[in-house]
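The block underneath contains the structure these notes are about, expressed in structure tokens.
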Amino acid sequence: MCRGLAALPIACLERAKELKTRLGILLHKPELRHGIGAAGKLQLGSRRRDSSREVLEWRESFDQLLKSKNGVTAFHTFLKTEFSEENLDFWLACEDFKKTRSKTKLASKANRIFEEFVQSEAPREVNIDHETREITRKNLTGATSACFNEAQAKTRTLMEKDSYPRFLKSASYQDMTKQATSRSINKRLHT
């Protein structure tokens with residue numbers, strides 16, 4: 001039976017993280033992108049009525065992107081190409097966690113989120129500093145809906161300052177904005 005990542009030596013985990021970073025960088029080199037093809041493209045959802053305006057609003061602010069279900073989906077797809085989707089998954093898990101009302105469920109969800117994303121050597125460990133990790137660990141003793149606030153804020157800032165600008169510059173998002181702009185122009189011409 002598989003014993004999970006905890007059974008691997010630390011050197012192997014560090015090497016895997018290094019490879020993950022390098023692969024993410026390679027995927028963003030234009031000369032290497034030709035092999036990605038249509039599978040690497042982000043597609044607009046089937047809902048078209050407001051999608052054009054919505055896609056263009058994503059570049060206004062990171063908040064606009066996070067408010068949009070399609071925006072979150074497109075950003076998640078992009079983060080997968082960078083092998084860093086755990087940041088958004090953690091942020092979304094925290095948002096869901098804040099809606100939990102049952103004290104029993106709150107504690108069990110908090111432990112699950114901590115084990116999956118926050119603790120050192122977690123399977124989907126997010127990039128936060130040691131102090132934030134320790135504060136979050138201490139917050140679990142009396143789990144409240146705010147126990148991940150600091151870690152979530154750091155992860156959000158990291159995405160906003162690092163991944164979001166790359167998302168806006170990505171070929172996939174640029175294609176989406178071109179499609180949205182041309183649909184919006186066609187709509188105006190036909191009305």
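Only a predicted model underlies this, so the values are computations on that prediction, with no experimental measurement involved. One is the number of the first residue; the rest follow in order along the sequence.
Side-chain contact check for M159 versus F62: some heavy-atom pair is nearer than 4.5 Å. The closest side-chain heavy-atom distance from S163 to E82 is below 4.5 Å. Looking only at side-chain heavy atoms (C-beta outward), W58 and V72 stay at 4.5 Å or farther from each other. You'll find the side chain of D96 reaches within 4.5 Å of the side chain of K109, heavy atoms only. At a threshold of 4.5 Å between non-hydrogen side-chain atoms, the residues R156 and L66 count as touching. Side-chain atoms of F117 and N87, non-hydrogen and from C-beta on, never get closer than 4.5 Å to each other.
Formation of a donor-acceptor pair under 3.5 Å by the T100 side chain with backbone atoms of F97 is found in this model. Judged by distance alone, the side chain of Q152 and the main-chain N or O of W91 form a donor-acceptor pair under 3.5 Å. A donor-acceptor pair is defined here as one N or O able to donate and one able to accept, closer than 3.5 Å; such a pair exists between the side chain of Y164 and the backbone of S61. Between the side chain of T177 and the main chain of Q174, a donor-acceptor pair closer than 3.5 Å is present.
Remark: L106 CG to R101 CZ distance equals 9.0 Å, nearest 0.5 Å. To the nearest 0.5 Å, atoms CD (E160) and CG (D162) are separated by 11.5 Å. Summarising the geometry, atom CZ belonging to R166 is positioned 8.5 Å from atom CG belonging to L79; distances are rounded to the nearest 0.5 Å. Atom OG of S68 is separated from atom CG of D63 by 12.5 Å, given to the nearest 0.5 angstrom. Considering CD1 of I113 and CZ of R124, their distance stands at 11.5 Å, rounded to 0.5 Å. Atoms OG1 and CG, from T181 and L56 in turn, are 4.5 Å apart once rounded to the nearest 0.5 Å.
Under the side chain to side chain donor-acceptor pair (under 3.5 Å) criterion, the residue pairs touching residues 135-150 are E134-R137, with sequence neighbours excluded.
For A107, there are no side chain to side chain contact (heavy atoms under 4.5 Å, CB included) partners, not counting sequence neighbours. Under the side chain to side chain contact (heavy atoms under 4.5 Å, CB included) criterion, T157 pairs with K161, not counting sequence neighbours.
Under a hydrophobic clustering in which Ile, Leu, Val, Met, Phe, Trp and Tyr are joined whenever their side-chain heavy atoms come within less than 4.5 Å, directly or via other members, L88 and L158 fall into different clusters. Both L92 and L65 belong to a single network of hydrophobic side chains, linked directly or stepwise wherever heavy atoms of I, L, V, M, F, W or Y lie under 4.5 Å apart. When hydrophobic clusters are built by joining Ile, Leu, Val, Met, Phe, Trp and Tyr residues whose side-chain heavy atoms come closer than 4.5 Å, directly or via intermediates, F90 is not grouped with F78. L140 and V126 fall within a single hydrophobic cluster, where Ile, Leu, Val, Met, Phe, Trp and Tyr side chains are chained together by heavy-atom contacts under 4.5 Å.
A 6.0 Å sphere centred on CD of E60 holds more than 12 heavy atoms belonging to other residues, nucleotides or ligands.
Heavy atoms only, all atoms of each residue included: C94 and F148 are closest at SG-CB, 3.6 Å. The shortest heavy-atom contact between I128 and T132 is CD1-CG2, 4.2 Å. When all heavy atoms of E116 and A122 are compared, the closest pair comes out as O-CB, 3.4 Å.
With salt bridges taken as basic N to acidic carboxylate O contacts below 4.0 Å, none links K69 and E54. With respect to E85 and K80, no salt bridge is recorded, no charged nitrogen being found less than 4.0 Å from a carboxylate O.
Using cut-offs of 30° and 60° for the angle between ring planes, the F75 and F167 rings count as perpendicular.
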Determine whether E125 and R133 satisfy the following criterion, side-chain contact (heavy atoms from CB on, under 4.5 Å), listing intermediate values before the conclusion. CA-CA 11 Å; E125 185 178 352; R133 194 177 314 282; 3.3 Å; yes
